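The block underneath contains the structure these notes are about, expressed in structure tokens.
Note that the structure is a prediction, hence the values are computed from the model and not measured. In what follows, every chain begins at residue 1, and chains take the letters A, B, ... in the order their sequences are listed.
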Amino acid sequence: EVQLVESGGALVQPGRSLRLSCTASGFSFGASAMSWFRQAPGKGLEWVAFIRSTAYSGTTEYAASVKGRFTISRDNSRSIVYLQMNSLKDEDTAVYYCTREIDYWGQGTLVTVSS
Amino acid sequence: DIQMTQSPLSLSASVGDRVTITCRASQDISNFLGWFQQRPGKAPKSLIYDASSLQSGVPSKFSGSGSGTEFTLTISSLQPEDFATYYCQQYYTFPWTFGQGTEVEIK
């Protein structure tokens, strides 16, 4: 059974940093592309970041709203994908979801950016 | 960026009704389109990928069609558990983009 469990969400002040983790199980992690999406309170879904599988050198893509501030990375030995978030802004407040490709989603972790 | 436009943005329907949601892309995305269901307070769930392929474990009452710029999601017989918000998403090119969502409510 595919499982994705996000962690690391918290209340953080604007300008600070936070790292989210997503622990995966039930599939061949290294062979899978992984993504982060987010959903601001009462709003729709937004894609945030993507990392390709090992076969494609783990290259990355980012939404314009986070490029230069967020970094997606993966540890294939531990089946974990990370989202390092720096210079956080109020508008980054959202539930963050980890996904395998676009088919399986985690339960989400809440990030609140507020002073 | 590719704009995805869903219609309607909300609809009221009764149990047993057939429901169709439309998604239009601002440019040709071939069949690189997915449909997702999100119940209140829950994570999105993938229903359809590649415009018309049913995800494993998803009931056959859900179906998708279309290619290019026009796509539809059909629920053949609405059940209480189907009242939710539905999103389309293109993955033809980055940045991946979503439609605004269609809220399906009980009449």
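Cluster membership for A:Val81 and A:Ile102, using ILVMFWY side-chain heavy atoms within less than 4.5 angstrom, is not shared. Under a hydrophobic-cluster definition in which Ile, Leu, Val, Met, Phe, Trp and Tyr are linked whenever side-chain heavy atoms come within less than 4.5 Å, directly or via other members, A:Trp36 and B:Tyr87 are assigned to different clusters. With hydrophobic clusters built from ILVMFWY side chains whose heavy atoms lie under 4.5 angstrom apart, B:Leu11 shares a cluster with B:Phe71. Hydrophobic clustering places B:Leu33 together with B:Phe98 (ILVMFWY residues linked when any side-chain heavy atoms are closer than 4.5 Å, directly or through intermediates). Under the 4.5 Å side-chain heavy-atom criterion for ILVMFWY residues, no single connected hydrophobic cluster contains both A:Met34 and B:Tyr91.
The greatest number of non-hydrogen atom pairs below 4.5 Å with chain A, out of B:Pro95, B:Ser46, B:Gly101, B:Pro44, is found for B:Pro44.
Rounded to the nearest 0.5 Å, atoms CG (A:Asp103) and OH (B:Tyr49) are 9.0 Å apart. From B:Phe36, atom CZ reaches atom CZ of A:Phe37 across 6.5 Å, with rounding to the nearest 0.5 Å.
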Legend entry - Test side-chain contact (heavy atoms from CB on, under 4.5 Å) applied to B:Gln38 and A:Gln39, step by step: CA-CA 11 Å; B:Gln38 188 176 33; A:Gln39 186 169 36; 2.7 Å; yes

Legend entry - Test side-chain contact (heavy atoms from CB on, under 4.5 Å) applied to B:Gln89 and A:Leu45, step by step: CA-CA 9 Å; B:Gln89 183 224 334; A:Leu45 297 168; over 6 Å; no

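Note on ring orientation: taking the six-membered ring where Trp is involved, the planes of B:Trp96 and A:Trp47 are tilted (angle from 30° to 60°).
Remark: B:Phe83 CZ is packed, more than 12 non-hydrogen atoms of other residues, nucleotides or ligands lying under 6.0 Å away. Open room surrounds NZ on A:Lys43; 12 or fewer heavy atoms of other groups in view lie less than 6.0 Å from it.
For the pair A:Gly106 and B:Ala43, the tightest heavy-atom approach, listed with the atom from each and the gap, is O-CB, 3.2 Å.
Looking at A:Ser35, only its side chain comes within 4.5 Å of chain B, counting heavy atoms on both sides. Contacts of A:Gln107 with chain B are made by backbone atoms alone, with heavy-atom separations under 4.5 Å and no side-chain atom involved.
Ring centers of B:Phe94 and A:Tyr62: at least 6.0 Å apart, outside the cut-off.
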